[in-house]
Amino acid sequence: MSTPYPFTAVVGQTDLRLALLLNAVSPAVGGVLVRGEKGTAKSTAVRALSALLPQVDVVPGCRFSCAPAAPDPACPDGPHESGPGTTRPARMVELPVGASEDRLVGALDIERALAEGVKAFEPGLLADAHRGILYVDEVNLLHDHLIDLLLDAAAMGASYVEREGVSVRHAARFLLVGTMNPEEGELRPQLLDRFGLTVEVAASREPAQRVEVVRRRLAYEDDPAGFASRWAGDEHEVRARVVAARALLPKVSLGDTALLQIAATCAGFEVDGMRADIVMARTATALAAWAGRTDVRKEDVRQAALLALPHRRRRNPFDAPGLDEDMLDRILDEFPDEEPEPEPDPDPEPGSEGPEGPDDNGPDDGGPDGGPGGLPPQEAGPEAPDAPDAPETEPRPDPAEAPEPQPSAQENGGAGPEQAAVRAAEPFRTKMLSVPGLGEGASGRRSRARTAHGRTTGAQRPRGHLTKLHLTATIQAAAPHQKARGRSGRGLVVRKDDLRQATREGREGNLVLFVVDASGSMAARQRMSAVKGAVLSLLLDAYQRRDKVGLITFRGAAAELALPPTSSVDAAAARLEQLPTGGRTPLASGLLKAHEVLRIERLRDPSRRPLLVVVTDGRATSAGALGGDPRELSRRSARILAAEHVASVVVDCESGPVRLGLAGALAADLGGPAVTLVGLRADSLAGLVKNVRTAVTSQSSPTNRRAA
């Protein structure tokens with residue numbers, strides 16, 4: 001086993017380390033969700049946490065980690081006889097994004113269950129993680145059916161496996177830790193609320209701190225064991241402090257003032273439900289214990305709010321998580337702390353220097369490692385030299401506030417200067433657009449597909465490991481051979497060749513690729529605002545239906561891939577908001593760019609079917625670098641997409657009393673329908689685009705339809 005990177009050697013990331021340590025002190029806090037850009041030590045810190053957790057006592061030979069003092073009466077390996085247990089380190093179990101359902105919850109031997117009536121059960125990752133850590137890297141990419149199982153286990157503290165009348169139950173209480181990059185998409189609200197705390201992490205912009213990160217990482221890779229040994233003393237101190245805080249936790253008093261502060265904070269930020277209040281109370285109590293105190297103070301409540309509320313106050317998918325700290329301070333100031341009575345100095349616990357805990361940051365604490373109760377030393381460890389003071393510099397202007405340069409008419413294709421971006425109109429509920437046929441893509445909520453969950457539509461021989469048994473089909477396959485197999489008793493003689501897999505039909509998520517006309521003909525402020533509002537509404541619909549999205553814009557002389565296909569609908573909404581307009585209309589360039597993007601995505605994810613949404617008035621006034629007649633080029637480009645059976649819909653943005661019908665002609669070339677901005681609304685679209693029909697659907701084979 002490789003030597004893990006020491007937790008105390010992680011540079012910076014104060015909130016991340018504090019949130020993880022609070023869960024080590026009080027697992028009832030409910031876990032941590034770590035959000036941030038790639039390369040910010042998210043996974044490194046989580047994997048290093050397990051070394052700081054106290055060891056656990058388990059029943060010898062129990063695969064479900066039952067505690068000797070209170071074994072689970074329903075444990076599949078039970079009943080357990082009373083006796084001394086064995087001690088082992090707490091486990092850190094990692095759930096891969098591509099794991100199967102059986103790997104997560106465990107698997108039953110269906111053949112033995114049918115033939116012998118016995119519960120032959122192989123435990124899964126939930127059993128391994130019991131009384132330890134369950135870590136999910138890139139948790140936002142986890143499949144929906146696995147998220148459902150995690151939600152059930154987190155809510156009930158147990159895992160249930162139900163298969164054709166045979167059931168197994170075992171305890172599954174674990175610390176859930178997830179990491180994610182928001183650019184790859186957001187979490188379902190139900191799972192998001194199950195994480196007790198959330199932390200936003202980002203790489204430091206201080207050169208001295210970045211140098212220290214590189215120095216420590218290179219030293220670790222050169223000699224992992226030697227590097228870990230140099231940090232062993234700090235690791236021991238923090239481990240001892242976690243043990244001391246756990247022992248102190250039951251003695252911490254959560255007074256009425258602290259409870260009022262918590263309730264007022266949750267009410268002030270309009271947080272749904274009561275889980276936020278409970279998590280804040282547990283977090284504030286853990287903060288007090290970590291600081292070596294038996295009373296909860298206002299600074300504990302404030303820190304608890306900063307960790308427990310940001311991910312719970314989002315009102316819609318496009319709201320960025322965060323908390324207004326000025327508002328938080330105003331709420332807390334309405335309930336000042338009472339002066340605490342001086343406490344006698346207790347005997348210092350191992351690894352502490354008094355009731356406030358060790359002064360980990362030294363006398364000059366003022367850097368990023370300060371906070372309630374202090375944190376492990378960072379910049380004064382074995383590898384850290386004295387960092388020079390950062391030179392003072394003049395504040396730099398915010399690039400977002402600087403005026404954008406206005407290109408010339410030639411740069412915009414000869415159609416006047418670029419116009420500044422306008423805000424999107426209020427989004428609305430759209431009619432569902434779906435891809436025709438039956439797909440086999442990732443589970444979602446848009447188009448019909450063969451999925452692991454849904455209604456049963458038939459049976460087939462299993463390809464690989466059996467996951468969903470079709471009982472009736474299995475019995476029908478085995479019944480004709482009972483005499484030849486010498487059946488004499490009551491049990492059915494079932495062989496592996498008799499087993500049948502249930503085929504199910506549900507919904508899949510698609511790749512929704514937006515091709516948005518940002519040319520001068522779309523630049524009128526009121527018109528572009530309505531267009532952006534319509535695209536934003538479709539993005540919101542894509543978020544709810546678990547789609548991937550991409551954004552192509554065309555204006556001037558070329559098309560641009562503004563956002564490569566991603567699961568982050570938030571990123572698409574942000575790019576749309578900043579979209580400028582102006583210039584000629586290279587419609588053919590936009591369609592050909594869509595063809596190129598879809599070709600590449602088909603190689604990356606062949607099972608995910610695309611839906612092309614072209615938002616334009618249909619005008620084509622520029623051939624760009626292609627040369628030739630713009631209208632003829634756009635027609636030919638559209639027919640290329642139609643020939644490859646790409647499901648498409650054109651959102652017609654033409655307005656005014658005189659309409660040329662160019663968007664309708666484009667839709668005919670693409671083989672899909674055209675919808676007006678008004679007709680896109682769910683309350684006014686009477687089934688016209690319930691299914692996006694391609695002109696060649698009836699001629700395409702099942703293989704072609706899946707590829708499309």
Side-chain angles (χ1 to χ4, degrees), residues 1-10 16-17 19-32 34 41-72 75 77 80 83-96 103-104 106 123-137 153 157 159 170-179 220 224-247 249 286 289-290 349-351 376:
M1 179 180 177
S2 60
T3 304
Y5 192 90
F7 185 86
T8 51
V10 176
L16 169 59
R17 292 182 291 115
L20 292 172
L21 288 170
L22 291 177
N23 275 273
V25 171
S26 175
V29 166
V32 186
V34 187
K42 301 188 298 291
S43 300
T44 299
V46 173
R47 293 188 175 101
L49 177 67
S50 59
L52 302 179
L53 296 180
Q55 294 191 329
V56 295
D57 295 328
V58 297
V59 173
C62 178
R63 299 173 296 168
F64 302 88
S65 302
C66 284
D72 182 7
C75 176
D77 285 354
H80 298 299
T86 59
T87 302
R88 63 162 176 79
R91 289 175 180 158
M92 205 282 295
V93 177
E94 190 161 351
L95 172 61
R103 185 70 189 98
L104 179 62
L125 296 177
L126 290 179
D128 293 340
H130 180 47
R131 303 175 66 197
I133 302 173
L134 181 63
Y135 171 48
V136 189
D137 193 14
S159 174
H170 65 82
R173 291 182 295 275
F174 46 82
L175 173 61
L176 181 61
V177 181
T179 56
Y220 168 74
F227 182 83
S229 67
R230 290 194 290 275
W231 289 89
D234 295 306
E235 293 281 291
H236 175 74
E237 288 181 10
V238 175
R239 190 180 302 110
R241 188 172 174 187
V242 170
V243 173
R246 278 195 174 191
L249 188 64
W290 176 245
E349 299 285 351

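Note that the structure is predicted; figures quoted are calculated from it, not measured.
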Show your reasoning for whether side chain to side chain contact (heavy atoms under 4.5 Å, CB included) applies to Leu49 and Met92. CA-CA 9 Å; Leu49 177 67; Met92 205 282 295; over 6 Å; no
For residues Pro6 and Arg230, determine if any side-chain heavy atom of one lies less than 4.5 Å from a side-chain heavy atom of the other. no
I need the Asp77 CG to Arg63 CZ distance, nearest 0.5 Å. 4.0 Å
Test item: side-chain donor near acceptor, Tyr135 and Thr179, under 3.5 Å: yes
NZ-CZ distance between Lys42 and Arg47, expressed to the nearest 0.5 angstrom: 11.0 Å
Side-chain donor/acceptor pairs under 3.5 Å, residues 123-130, sequence neighbours excluded:
residue	atom	partner	partner atom	Å
His130	ND1	Arg173	N	3.1

Hey, what do you get for CG (Asp137) to OG (Ser43), rounding to the nearest 0.5 Å? 3.5 Å
Nearest heavy-atom neighbours spanning Pro89 and Val56: O-CG2, 4.4 Å
CG of Leu52 to CZ of Arg17, rounded to nearest 0.5 Å, is 11.0 Å
Return yes if some donor-acceptor pair links the side-chain N/O of Arg239 with the main-chain N/O of Ala51 below 3.5 Å, else return no. yes
Taking Gly31's backbone N and O only, do any of them form a donor-acceptor pair with Asn23's side chain (distance below 3.5 Å, no angle check)? yes
Measuring from atom SG of Cys62 to atom CG of Asp72, what distance do you get when rounded to the nearest 0.5 angstrom? 8.5 Å
Closest heavy-atom pair, Pro68 versus Gly85, reported as atoms and distance to 0.1 Å, is CG-CA, 3.5 Å
Trp290 and Leu21 have their tightest heavy-atom pair at CZ2-CD1, 3.7 Å
Below 30° counts as parallel, above 60° as perpendicular, anything between as tilted: where do the rings of Phe64 and His170 land? tilted
Please list, chain by chain and in numerical order, all residues satisfying side-chain hydrogen bond (donor to acceptor under 3.5 Å, both in side chains) with Arg246, sequence neighbours excluded. none
Identified side-chain contact (heavy atoms from CB on, under 4.5 Å) partner of Ile133 from the options Leu53, Leu176, Val32, Val93: Leu53
Validation row: Phe7, Thr44 side chains within 4.5 angstrom (heavy atoms): no
Got a donor-acceptor contact below 3.5 angstrom from the Arg131 side chain to the Asp57 backbone? yes
Could you work out, with side-chain hydrogen bond (donor to acceptor under 3.5 Å, both in side chains) as the rule, every residue matching Ser50, not counting sequence neighbours? none
